[in-house]
Amino acid sequence: MKYINEFRDGKLARELAAAIAAEVRHDRMYRLMEFCGGHTHAISRYGLRDLVPDNIQFIHGPGCPVCVLPIGRIDSAIELARDHGVILCSYGDTLRVPASERMSLLRAKADGADIRMVYSSTDALEVARANPQREVVFFAIGFETTTPPTAVALQMAQAAGLHNFSVFCNHVLTPAAMEAILTAPETDDGGGVPLDGFIGPSHVSTVIGSRPYEPVAEKFYKPIVISGFEPLDVLQSVLMLLRRINRGEAGVENQFTRAVTREGNRKAQAVVAKAMEMRDAFEWRGLGQVAHSALRIRDEFGAFDAERKFDLPYRSVPDHKACECAAILRGVKAPQDCKVFGTACTPDNPLGSCMVSAEGACAAHYTYGRLEVERDRGQAVAAGA
Amino acid sequence: MCLALPVRVVEVVDDDQARVDVGGVQKVVNISLVDDLEEGDYVILHVGFAINRLDQAEAERTLELFREMAGTEAHT
Ligand code: SF4
């Protein structure tokens, strides 16, 4: 596909890798956190780790919307479908996320709850129109990329007076999560991880722009390079980060200029601001309660807010004892550090949230990780899609 | 989940909808978040919505930059 294939060129990838190798200093480590699961996926799938020198370390971040959703929120969604008898519309990836007592939306569905997979928020509106006698709830999750479509659905529901439709809003904010990672103490026992820079969000930034990262880069004095999701984008961003790190510079730089501006998509931002406002705090898997890190629905749209419409007390539930997702999401541990990785926990039968979606660190390692060793340097990228 | 793709606008249906080409398959998507789209424009498609425009000139510039950074002659 145009604007995809050109960004997967194997020859250019090897040349970019050579430029990276020439830029690297050998007396230090470069600890780069790729914030988004999309980058984690690209790094694993194209074997980028094998293309760059060993002293560049890729540390997976919390930017996978399915991974950071805490058990308590999935429990509430299941409760909506099972105990309140609503039709629950959900994005596909959310269905297999483990909830309490080895439940998941998929298992609740098998037990008879009316849970439907939708591709878009507007599909959920269609379900509500087709079932006027039923309550329909859209289980909205995701970062700033996915928020505007939810906000549009709220406005369409209000305009149409579609009163059997509501949204269970779980939208979270990227810059707040970056801050939480950087604020955690740099120890490896439940705290944070030392970082030299960020490979910054791609599609999130098309909406919010690069400007919201500037205060983070300034406050913590780290370089952040907004990066596209294709392998050449990631390699170029690594090179840009290395140059900044070697010069001792922080600041925000934009590699993904074909879709990101400093201001972002103002129209989308306005649509979101009209329908949603900041929550005081929100629980993230791995990061715990993070202040000002998520959105809720404004009073003006209160009639379409599932949290107001239904009695949904929030209960925080600890992860499965064996699961290291929390540490992985903070960048402190890697998937192979988990004792049940690939044994009790696999993509077909995930024990933790990081094994569910293709962007989850554990799922990416499971699917592509074992191949990395066998691949010749560069061949992974040359093979392309 | 965060998957989003660059797709080409085939036909603008109305202010809110356009037909796009997703790797050879045509699909109607919501374009209410992006103003003034025309046939031939590229947008980033995510969960059924165009979330932003793809700037084709910038895409070319990035490819050019890869070639420079990689230290090779630009092939034109
Ligand atoms: S392998 Fe499974 S249980 Fe272990 S950290 Fe990953 S998702 Fe959690």
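Everything numeric here is computed off the predicted structure, so don't read it as measured data. Below, chain A is the first sequence line, B the second, and so on; all start at residue 1.
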*Look at A/Ile20, A/Thr261, A/Val271, A/Val152 and state which one has the largest set of heavy-atom pairs under 4.5 Å with chain B.*
A/Val152
*Beyond-backbone contact of A/Thr257 with B/Asp55, side-chain heavy atoms, under 4.5 angstrom*: no
*Side chains of A/Val207 and B/Asn52: does their closest heavy-atom pair fall under 4.5 Å?*
no
*Quick one: what part of B/Glu60 sits under 4.5 Å from any heavy atom of chain A, side chain, backbone, both or neither?*
side chain
*Is chain B contacted by the side chain of A/Ala259, its backbone, both, or neither, given a heavy-atom distance below 4.5 Å?*
both
*When you look at A/Thr145 and B/Ile51, which way does the side-chain contact (heavy atoms from CB on, under 4.5 Å) test go after all the steps?*
CA-CA 7 Å; A/Thr145 332; B/Ile51 53 165; 3.4 Å; yes
*Using a cut-off of under 4.5 Å for heavy-atom pairs, which of A/Glu6, A/Arg266, A/Met1, A/His41 has the most such pairs with chain B?*
A/Met1
*Would you say B/Asp15 has more than 12 foreign heavy atoms packed within less than 6.0 Å of its CG?*
no
_Shortest non-hydrogen separation from B/Val47 to A/Pro149 and the atoms involved_ = CG2-CG, 3.7 Å
*Using the side-chain contact (heavy atoms from CB on, under 4.5 Å) rule, take A/Thr122 and B/Phe49 through it: C-alpha gap first, then chi angles, then the decisive distance, then the call.*
CA-CA 9 Å; A/Thr122 50; B/Phe49 284 71; 3.8 Å; yes
*Under a 4.5 Å heavy-atom cut-off, does chain A meet the side chain of B/Ile44, its backbone, both or neither?*
side chain
_Considering all heavy atoms, the nearest B/Gly48-A/Ser120 contact_ = CA-OG, 4.1 Å
*Roughly how far, to the nearest 0.5 Å, is CD of A/Gln269 from CG of B/Leu33?*
11.0 Å
*Take A/Thr146 and B/His46 through the side-chain contact (heavy atoms from CB on, under 4.5 Å) test and state the conclusion after the steps.*
CA-CA 7 Å; A/Thr146 323; B/His46 177 61; 3.0 Å; yes
*asked:* Closer than 3.5 angstrom, by distance alone: can the side chain of A/Lys267 be matched with the main-chain N or O of B/Ser32 as a donor-acceptor pair?
replied: yes
Determine all donor-acceptor pairs shorter than 3.5 Å in which one atom belongs to a side chain in residues 228-243 of chain A; sequence neighbours excluded.
from     : atom 1 : to       : atom 2 : distance (Å)
A/Glu230 : OE1    : A/Arg8   : NE     : 2.5
A/Glu230 : OE1    : A/Arg8   : NH2    : 3.1
A/Glu230 : OE2    : A/Arg8   : NH2    : 3.4
A/Asp233 : OD1    : A/Gln255 : NE2    : 2.8
A/Asp233 : OD1    : A/Arg258 : NH1    : 3.0
A/Asp233 : OD2    : A/Glu230 : N      : 3.3
A/Asp233 : OD2    : A/Arg258 : NH2    : 2.7
A/Gln236 : OE1    : A/Gln255 : NE2    : 2.9
A/Ser237 : OG     : A/Ser227 : OG     : 2.9
A/Ser237 : OG     : A/Asp233 : O      : 2.8

*asked:* Is it the case that atom CD in B/Glu39 sees more than 12 heavy atoms from other parts of the structure closer than 6.0 Å?
replied: no
*State whether B/Phe66 and A/Lys11 meet the cation-pi test: NZ (Lys) or CZ (Arg) under 6.0 Å from the six-membered ring centroid, and within 45° of the perpendicular axis.*
no
_By the ring-ring contact (aromatic ring centres under 6.0 Å, His included) test, which pairs, at least two apart or in different chains, include something from residues 4-43 of chain B?_
A/Tyr3-B/Tyr42
*Test side-chain contact (heavy atoms from CB on, under 4.5 Å) on B/Leu5 and A/Ile4 and set out the steps.*
CA-CA 8 Å; B/Leu5 293 171; A/Ile4 293 185; 3.7 Å; yes
